Amino acid sequence: MAQAALGAAGLHFDELNKLRVLQPEVAQQTAQLREECKAFVDRIAEFQKTVGGLIELVDQLAKAAESEKMKAIGARNLLKSIAKQREAQEQQLQALIAEKKMQLERYRIEYETLCKIEADQNEFIDQFIFQK
């Protein structure tokens with residue numbers, strides 16, 4: 001009867017006969033929920049630690065990929081620069097070849113002219129010698 005009166009007032013005795021405000025079942029459920037929450041918080045903390053490590057690893061990989069990307073862009077630009085240099089050098093050499101061909105043609109014409117002058121002079125000398 002005393003327990004019923006205390007129960008009606010919202011007071012209960014636990015297994016150690018201590019006076020409690022909560023019912024023993026509710027107190028047990030609360031303790032169980034507290035343990036489950038603690039386990040859940042521990043799992044969440046472990047999950048956050050794992051995710052933090054994963055994010056750090058992904059950041060490192062992103063930095064490495066960005067570094068390789070920059071190296072590739074640099075190499076591509078260097079290759080384009082070398083190709084342009086070769087193209088310019090080829091054009092210079094083609095101009096030099098054209099200039100040398102023109103000079104060769106001038107020398108050929110000059111040579112032919114000198115050969116003709118030599119032949120004329122030799123003919124003149126031969127005529128002069130025969131006239132004496």
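We number each residue from 1, following the sequence as shown. Here the structure is a predicted model, which means the values were calculated and not measured.
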Met70 with Leu61, same ILVMFWY side-chain cluster at under 4.5 Å: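 As far as the 4.5 Å side-chain criterion goes, Leu61 and Met70 are not connected within one cluster.
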Pair Lys71 + Glu68: basic N to acidic O under 4.0 Å: yes
Pairing residues for Arg76 by the side-chain contact (heavy atoms from CB on, under 4.5 Å) criterion, not counting sequence neighbours: Ile73, Lys80
Partners passing side-chain contact (heavy atoms from CB on, under 4.5 Å) against Gln48 (at least two apart in sequence or in another chain): Ile44
Inter- and intrachain pairs under side-chain hydrogen bond (donor to acceptor under 3.5 Å, both in side chains), touching residues 93-111, at least two apart: Gln103-Tyr107, Glu105-Arg108, Arg108-Glu112
Side-chain donor/acceptor of Thr50 to backbone N/O of Glu46, under 3.5 Å: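 Confirmed, Thr50 side chain pairs with Glu46 backbone.
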Residue pair Lys63 / Ser67, side-chain heavy-atom distance below 4.5 Å: no
Within-4.5 Å side-chain heavy-atom neighbours: Leu114 and Glu118: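 Contact flag for Leu114/Glu118 side chains = no.
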As an exercise, state the distance from [atom1] of [X] to [atom2] of [Y], rounded to the nearest 0.5 Å.
{"X": "Ile82", "Y": "Asn77", "atom1": "CD1", "atom2": "CG", "value": "11.0 Å"}
{"X": "Ile125", "Y": "Asp120", "atom1": "CD1", "atom2": "CG", "value": "11.0 Å"}
{"X": "Leu78", "Y": "Gln85", "atom1": "CG", "atom2": "CD", "value": "8.5 Å"}

